[in-house]
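Here is the structure we will look at.
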Amino acid sequence: MLGLMQNWPLLIHKIIDHAATQHGGREVVSRSVEGPIHRTTYRDIRQRALRCAKRLTQEGIRPGDRVATLAWNTWRHLESWYAITGMGAVYHTINPRLFPDQIAWIANHAEDRILMTDLTFVPLLEALADKLPTVRRYVVFTDAAHMPATKLKNAVAYEDWIAEADEDFRWIDCDENAAAGLCYTSGTTGNPKGVLYSHRSNVLHSMAMSAPDCLGLGARGVILPVVPLFHANSWSIAFSAPMSGAKLVMPGAKLDGASVYEMLESEQVQVTAGVPTVWLMLLQYMEKEGKRFSHLKRCVIGGSAAPRAMIEAFETVHGVEVFHAWGMTEMSPVGSIGSIKPGLAHLQGDALFDLKETQGFAPFTVEMRIDDDQGRPQPWDGKTFGRLKVKGPCVAGGYFRGEGGNILDANGFFDTGDIATIDENGYMRITDRAKDVIKSGGEWISSIDLENCAVAHPDVAEAAVIGVRHPKWDERPLLVVVPKEGRTIDGAALLAFMGERIARWQLPDDVQVVAEIPHTATGKINKLRLRDTFKDYTLPTI
Ligand code: ADP
């Protein structure tokens with residue numbers, strides 16, 4: 001027997017309709033790419049998204065077509081997502097930090113029809129345009145006054161282009177399982193693979209993310225996503241902020257410490273979210289300038305492991321609660337987040353930071369397990385590690401165009417490629433990515449643990465550990481470090497410092513001091529490139 005409730009499909013445009021009706025005057029504040037701070041409201045965002053949707057329809061875009069966006073976090077970018085999904089098309093976010101050839105590869109794979117972009121990326125696209133045959137128009141997120149002369153095909157300023165349509169448009173009425181967004185994985189092995197989100201998966205993920213144990217959003221909230229819209233749906237914030245009526249503050253192109261700090265302060269932001277590298281820049285800026293937060297309450301850190309020293313700096317120096325989160329493009333992306341359960345609320349000092357260092361527990365919509373290589377579930381004891389697998393309505397069931405074939409195991413779980421432990425309270429700790437873990441004499445050494453230990457040293461700004469071939473032990477860890485500004489690092493002293501905190505056999509065999517560690521397009525340490533840099537390196541212990 002079926003229930004007798006209404007069938008109200010979970011469609012993305014219902015979010016902006018709700019925001020306009022219930023929180024219409026709530027502000028969306030952006031640092032525009034042109035420079036000045038721009039202010040608008042959810043009501044206006046909806047009106048302009050309707051225009052943009054109508055204009056896309058006039059342009060011949062049909063439901064299911066892909067419309068690419070290669071842009072910073074601003075109100076125009078946000079509008080375009082509601083417009084694209086509201087007329088049934090699919091937004092395809094492109095990460096501008098990818099290599100140009102990778103951008104061309106994914107735009108061709110996606111067969112993008114229109115490409116919307118910022119002024120910043122016009123030169124990049126001009127150099128690439130010959131390789132993008134499917135794109136028939138470029139829309140630049142700017143107005144006539146700032147529109148550059150460009151040879152890009154049918155290039156037009158967004159403001160002129162949407163002015164050619166009015167707001168008399170009806171959002172599409174479609175199946176909630178219809179495709180809504182496309183985001184390619186970083187593709188550290190093989191070609192990038194497209195994750196195709198549906199209206200339903202985005203709405204459910206955003207509802208889960210709004211909850212108090214996640215972003216904790218509400219109508220009185222103020223959130224600044226440093227995490228870009230092109231980084232896996234900005235971790236839901238493009239949807240969860242309007243859904244809850246929170247004021248949305250968009251940092252535009254400026255993600256340096258001073259600029260992010262300025263917006264956090266001037267807009268009285270309470271919650272923010274981003275990858276460790278941006279917090280590294282922010283904390284260094286604040287330390288140098290002696291700055292403090294006046295409104296910030298919560299900082300969600302994810303995308304790669306948040307070092308304990310960073311968590312401690314936010315919590316003890318700045319009084320900001322850190323929620324360490326884990327996820328991946330395939331999961332919409334958040335898979336776990338580190339709020340404190342009531343039975344653990346008494347924890348303090350080191351015991352509390354031990355917990356905060358884990359990647360937290362899975363919110364509703366995510367089922368999680370750790371399996372051994374034979375697919376047998378492992379105990380949740382905080383010690384036994386296994387392959388981390390996930391299942392749920394916001395987890396990919398396959399890749400775009402069937403790339404990679406069947407990606408689910410016999411139980412319908414997706415193998416994340418991460419190695420993790422889960423404790424009796426459900427707190428999950430990523431030990432490593434399966435391909436980054438260092439296999440030394442039959443034992444596994446977590447590169448993440450070593451990196452966290454190294455950055456706890458007062459002279460170390462950033463650390464990365466890679467496995468280097470060893471004739472006896474197979475692999476041994478090599479530590480690569482970047483000193484803090486104005487400091488020098490003595491390798492032997494650093495190893496002595498680490499020796500007081502971790503087991504001897506896990507200690508790196510050598511320390512290499514470098515000016516910079518390479519990062520991937522989503523701000524993770526690029527171990528592939530680092531391994532390549534040190535491919536001819538021989539350990540001193542050999
Ligand atoms: P994205 O680019 O959206 O961050 P990817 O799918 O490229 O996602 O990368 C996901 C991977 O990033 C995870 O499988 C995991 O290895 C790593 N990761 C994400 N968050 C964390 C975290 N908090 N701690 C450790 N690793 C993390």
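These values consider heavy atoms only, across backbone and side chains, with no hydrogens, waters or symmetry-generated copies. Each residue takes its place number in the sequence, starting with 1. Order of appearance sets the numbers: ligands from 1, and atoms from 1 within every ligand.
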> In order of chain and number, which residues sit within 4.0 Å of ligand 1 by heavy atom?
Replying inline: Ser186, His231, Ala232, Gly303, Ser304, Ala305, His324, Ala325, Trp326, Gly327, Met328, Thr329, Glu330, Gln359, Asp418, Arg433, Thr522, Lys524

>> My understanding is that only residues two or more places apart in sequence, or in another chain, count here; which of them pass salt bridge (Lys or Arg N to Asp or Glu O under 4.0 Å) with Glu367?
In response: none

> Can you tell me if His199 uses its side chain to pair, donor with acceptor, with the backbone of Leu10 under 3.5 Å?
Replying inline: no

>> Is there a ring pair (Phe, Tyr, Trp, His ring centres under 6.0 Å) between Trp105 and Phe99? Walk through the geometry before answering.
In response: CA-CA 10 Å; Trp105 192 93; Phe99 288 115; over 10 Å; no

> Excluding sequence neighbours, so at least two apart, what forms side chain to side chain contact (heavy atoms under 4.5 Å, CB included) with Val455?
Replying inline: Pro307, Val460, Ala463

> Residues two or more places apart in sequence or in another chain: which of them pass side chain to side chain contact (heavy atoms under 4.5 Å, CB included) with Val437?
Replying inline: Asp432, Lys439, Trp444

> In this structure, which one of Asn233, Leu182, Val67 forms a side chain to side chain contact (heavy atoms under 4.5 Å, CB included) with Tyr91?
Replying inline: Asn233

